[in-house]
Amino acid sequence: MTPFQKLVYDKLKEVPRGRVTTYKALTEAIGSKAYRAVGNALKVNPMAPQVPCHRVVKANGSIGGFMGFKTGPAIDKKIKLLATEGVQVEKGIIQNFSSKLHQF
DNA sequence: GCGCTTATCGCAC
DNA sequence: GTGCGATAAGCGC
């Protein structure tokens with residue numbers, strides 16, 4: 001694991017249940033502008049359940065992707081999980097996104 | 001409003 | 001040293 005990834009995971013773990021964050025917010029929170037590098041860090045996420053990578057979305061509120069896939073049954077499952085937590089997702093777009101967005 | 005291009009940072013090869 | 005990526009923001013049409 002790289003130091004950068006550690007920062008990403010640590011910050012991501014600050015996001016409570018029922019909340020989401022964006023690559024932009026997360027990246028700036030760790031003091032960097034490598035949005036794509038953050039996405040890559042989540043992709044190789046070694047602690048999937050611990051690090052809620054499904055709570056990280058794009059700046060416009062869309063899921064963007066998950067584990068390297070933009071669509072698929074796995075995505076739908078995570079979306080369902082998010083719905084259980086209180087975050088409603090419609091076709092990969094966070095509903096009431098502004099209110100669900102967690103601020104560091 | 002939609003689509004394309006440029007900017008940026010960290011990591012792997 | 002070069003290229004790539006789960007992005008972001010700006011510009012042109």
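Chain letters run A, B, ... following the sequence lines, proteins first and then strands; every chain starts at 1.
- In this structure the side chain of A:Y23 never reaches within 4.5 angstrom of the side chain of A:V57, judged on heavy atoms.
- The two atoms that bring A:A41 and A:V8 nearest to each other are CB-CG2, 4.4 Å, heavy atoms only.
- When rounded to the nearest whole Å, the span between CD1 of A:I30 and P of B:dT8 equals 17 Å.
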Between protein and nucleic acid, restricted to nucleotides 10-13 of chain B and to nitrogen or oxygen atoms under 3.5 Å apart, what atom pairs and distances do you find?
unit_1	atom_1	unit_2	atom_2	d
B:dC11	OP1	A:T2	OG1	2.8

request  = Could you walk me through whether A:F97 and A:V87 pass the side chain to side chain contact (heavy atoms under 4.5 Å, CB included) test, one step at a time?
outcome  = CA-CA 8 Å; A:F97 174 61; A:V87 181; over 6 Å; no

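- Other residues, nucleotides and ligands place no more than 12 heavy atoms under 6.0 Å from the NZ atom of A:K78.
- Pairing analysis of DNA chain B (Watson-Crick: purine N1 to pyrimidine N3 plus N6-O4 or O6-N4; G-U wobble: N1-O2 and O6-N3; both under 3.5 Å) yields stems of 3 or more pairs at B:1-7 with C:7-13, B:9-13 with C:1-5.
- Annotation: side chain of A:L42 is in contact with side chain of A:L12 (closest heavy-atom distance under 4.5 Å).
- Within residues 79-104 of chain A, no residue has any heavy atom closer than 4.0 Å to DNA chain C.
- Every pair passing salt bridge (Lys or Arg N to Asp or Glu O under 4.0 Å) that includes a residue from residues 10-29 of chain A is listed here, sequence neighbours excluded: A:K11-A:E14, A:K24-A:E28.
- A distance of 3.5 Å separates CG of A:N60 from OG of A:S62, quoted to the nearest 0.5 Å.
- At a threshold of 4.5 Å between non-hydrogen side-chain atoms, the residues A:Q88 and A:N96 do not count as touching.
- Note that the OG1 atom of A:T84 and the CD1 atom of A:I79 stand 12.0 Å from one another [nearest 0.5 Å].
- OP1 and OP2 of B:dT8 both lie 4.0 Å or more from every side-chain N or O belonging to A:K33.
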Nucleotides 7-13 of chain C: protein proximity per nucleotide (B base, S sugar-phosphate only, - neither; heavy atom, under 4.0 Å) = BSS----

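- Expressed to the nearest 0.5 Å, how far OG1 of A:T71 lies from CD1 of A:I63 amounts to 12.5 Å.
- Taking 4.5 Å as the limit, every side-chain heavy atom of A:Q95 sits out of range of all side-chain heavy atoms of A:K100.
- Under the salt bridge (charged side-chain N to carboxylate O under 4.0 Å, His left out) criterion, A:K58 pairs with no residue at all, not counting sequence neighbours.
- A:Q5 places a side-chain heavy atom less than 4.5 Å from the side chain of A:V44.
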